[in-house]
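Here's the structure we're looking at; comments come further down.
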Amino acid sequence: MKNLSLHKATTADSTVESAVPVQFAAIDLGSNSFHLAVAEFDGHTLRVISRLKEKVQLAAGLDQNDILSDEAIQRGLNCLQLFAERIQDIDRQFVTVVGTFTLRKAVNASTFVKQAEQILNHSIDILPGREEARLIYDGVSHNHPDLKRALVIDIGGGSTEIILGEQFESEVLDSLGLGCVTTKKFFPNDVINEQNFNQAVINTAIEVSEVKKFYRAGNWEHCLGSSGSIESIYKVLTNLNLAQGFITFEHLKFLKQKLIEIGHFDHVSFSGLTESRKSTFACGVAILYGLFETLDIDKMHIADASLREGILLELAEELKGNDIRHQTAFSLMKRFNVDQEHAHQVQQSAQLIFDQTADLWGIYDPIYKNYLDWACQLHEIGLSISFSKLRMHSAYIVQYADMPGFSQQTKDSLAAIIANQKKKLFVEQLDNKYDPQSALLSVVQILRLAILFNVKRDTHNIQTLTFKADVNHGLTINIPSSWAEEHQLVIAELNREAAYLEYHGIRLTIHTLDS
């Protein structure tokens, strides 16, 4: 079984010592296949103990309008019935389910996701392309701890991830619209000939052209391929007695000619090639051929790790208290020169209000506390663009910046919260998010109040104030008269806030109490 060592530095306090290994599960809802990996973690090392894989070809169900067919959805759900049985005894907090290219692209992805979550009894995170690339590199680099500067390539069913990194840190990441399922369109009627193959290669070159300057030979010492598509190519070459521990361009030229001689997807048959890979093998060869040619790759080694291993490693880090999302938020604060002292003051105010309202408003789940913390920390990153329309600038950065650890749904919800941090409230921006609108609105209310109480950007506290939550997002704030007299600006802002909320039928009552 594979052992994945955790090489990131940890303190003695954060190291997990466990007599009984903890089980983790990672499910990857890929465009070609769905994968499940289960591992045990003893506090230091991950050991993969089982794997399941089912060919689903979700990407084949996308039409020209990016609508996922009912048949493809059903294929995916049937597979997840099997996976659900395997993970039912694993603690839910140690299970991560991710979707990749096809679920990023499908306009009706939510139709599949909602049913899939019911089957698995677990939420599904749809990964942004670069987040997928980061996790792939994390898995590969920890399985190859002696790596120096490396180029890592993963060819999936709908996208190809390319990453340049050094040891355990990724530096440049890209997710390209190249996949062994989506590339089938360049082989009409499943015919393999010189023209069709070359068209697939040209398409690869076009997709890579905008980013190739980062990844060309000379920028790295080693090249590794991490996907099932690349692994299947290597196995075929090995069974042909051609590969000697790596793939070369000459190997790919040989396979190209063999495939053209074969002439049709239905007739592709090589020793070492599984039945599930036969219909996409020629596409994978064409993509890899184009990558070798465009990036001047001389040879590629096979990495026995990928996205699932990256997810498992991150779960183990979270068990030790190292949630990468908190590191990401802090990094963004520094990158955009956020006033950290002010952000901390806002966060303290928000914490006090959250503690008094979370239960009645139903936002005691840790994710909502996280949303609130991140929103307090990042609500002013838009100042790097302009004070005018600050909240829109801040929300835009959160929506589209690379944020390691954050799923696309989490970014969508966080951006909507930040966009509603002050002044006019746009409740409709909280609709159609993965998280319930009511919960997001509660987080928004707390954020708005926390910012409001710190309008003077001083170091006062609100410990003497009490916050009584009510149904339908109602809230009563009890304020000692002495505090109110000292903070007339805040009282004026509270009255203005009450008017904003009243427009949406939300009651905010300010009671001034005799000291």
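Every heavy atom of this structure was used, including side-chain atoms; hydrogens, water molecules and symmetry mates were not.
- At most 12 non-hydrogen atoms from other residues, nucleotides or ligands lie less than 6.0 angstrom from OH of Y396.
- At least one side-chain heavy atom of F281 sits less than 4.5 Å from a side-chain heavy atom of F270.
- Using cut-offs of 30° and 60° for the angle between ring planes, the W374 and H326 rings count as tilted.
- H251 places no side-chain N or O within 3.5 Å of a backbone atom of L237 that could act as its donor or acceptor partner.
- With hydrogens and angles ignored, the 3.5 Å screen pairs no side-chain donor or acceptor of K256 with any backbone N or O of N198.
- Ion pairing of R47 with E40 is present here, as a side-chain N (NZ or NE/NH1/NH2) and a carboxylate O approach within less than 4.0 Å.
- Inter-residue side-chain proximity for Q23 and I49 is flagged as met; some heavy-atom pair is nearer than 4.5 Å.
- Classification of the H264-H267 ring pair by plane angle, with boundaries at 30° and 60°, yields tilted.
- H122 places a side-chain N or O within 3.5 Å of a backbone atom of R92 that can act as its donor or acceptor partner.
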Derivation and outcome, side-chain hydrogen bond (donor to acceptor under 3.5 Å, both in side chains), residues S227 and S229: CA-CA 5 Å; S227 63; S229 297; 4.5 Å; no

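- Residues D154 and I163 have side chains not in contact (no heavy-atom distance under 4.5 Å, counting atoms from C-beta outward).
- Under a 3.5 Å cut-off, the side chain of D63 and the backbone N or O of N65 do form a donor-acceptor pair.
- Using a cutoff of 4.0 Å between basic side-chain nitrogens and carboxylate oxygens, R51 and E309 are scored as salt-bridged.
- With hydrogens and angles disregarded, a donor-acceptor distance shorter than 3.5 Å links the side chain of N108 to the backbone of L68.
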Could you go through N78 and Q74, starting from their C-alpha distance and side-chain angles, then the distance that decides it, and tell me whether this counts as side-chain hydrogen bond (donor to acceptor under 3.5 Å, both in side chains)? CA-CA 6 Å; N78 291 342; Q74 194 56 54; 2.9 Å; yes

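- A salt bridge links R134 with E314: at least one charged nitrogen is closer than 4.0 Å to a carboxylate oxygen.
- Annotation: the span from F246 atom CZ to I302 atom CD1 amounts to 11.0 Å, rounded to 0.5 Å.
- The main-chain N or O of M403 is never found under 3.5 Å from a side-chain atom of R130 such that the two would form a donor-acceptor pair.
- With values rounded to the nearest 0.5 angstrom, L127 atom CG is found 6.5 Å from I311 atom CD1.
- In this structure, the side chains of E166 and E171 come closer than 4.5 Å at one or more pairs of heavy atoms.
- Counting only distance, with no hydrogens or angles, the side chain of R308 and the backbone of L36 share no donor-acceptor pair below 3.5 Å.
- Within 6.0 Å of NZ in K369 there are more than 12 heavy atoms belonging to other residues, nucleotides or ligands.
- You'll find the side chain of S31 stays beyond 4.5 Å of the side chain of K105, heavy atoms only.
- Taking the six-membered ring where tryptophan is involved, the planes of F187 and F265 are tilted, since the angle between them lies from 30° to 60°.
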Test S123 against E117 for side-chain hydrogen bond (donor to acceptor under 3.5 Å, both in side chains), laying out the working first. CA-CA 6 Å; S123 60; E117 289 180 334; 5.1 Å; no

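- Judged by distance alone, with hydrogens and angles left aside, the side-chain atoms of T160 form a donor-acceptor pair with the main-chain N or O of L178 at under 3.5 Å.
- Classified by interplanar angle (parallel below 30°, tilted 30° to 60°, perpendicular above 60°), the ring pair F83/F34 is tilted.
- Although no hydrogens or angles enter the test, the distance criterion places a donor-acceptor pair under 3.5 Å between the side chain of Q409 and the main chain of I126.
- Between Q377 and V338, every side-chain heavy-atom pair lies at or beyond the 4.5 Å cut-off.
- Using a cutoff of 4.0 Å between basic side-chain nitrogens and carboxylate oxygens, E71 and R75 are not scored as salt-bridged.
- Considering CD1 of I230 and CE of M300, their distance stands at 4.5 Å, rounded to 0.5 Å.
- Distance alone, capped at 3.5 Å, is enough to place a donor-acceptor pair between the T238 side chain and the Y234 backbone.
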Test ring pair (Phe, Tyr, Trp, His ring centres under 6.0 Å) on Y289 and F249; report intermediate values, then the result. CA-CA 7 Å; Y289 189 106; F249 196 26; 4.8 Å; yes

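- You'll find the side chain of L80 stays beyond 4.5 Å of the side chain of E54, heavy atoms only.
- Using a 4.5 Å heavy-atom threshold, the side chains of K235 and L273 count as separate.
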Take C79 and K55 through the side-chain contact (heavy atoms from CB on, under 4.5 Å) test and state the conclusion after the steps. CA-CA 9 Å; C79 169; K55 179 182 176 182; over 6 Å; no

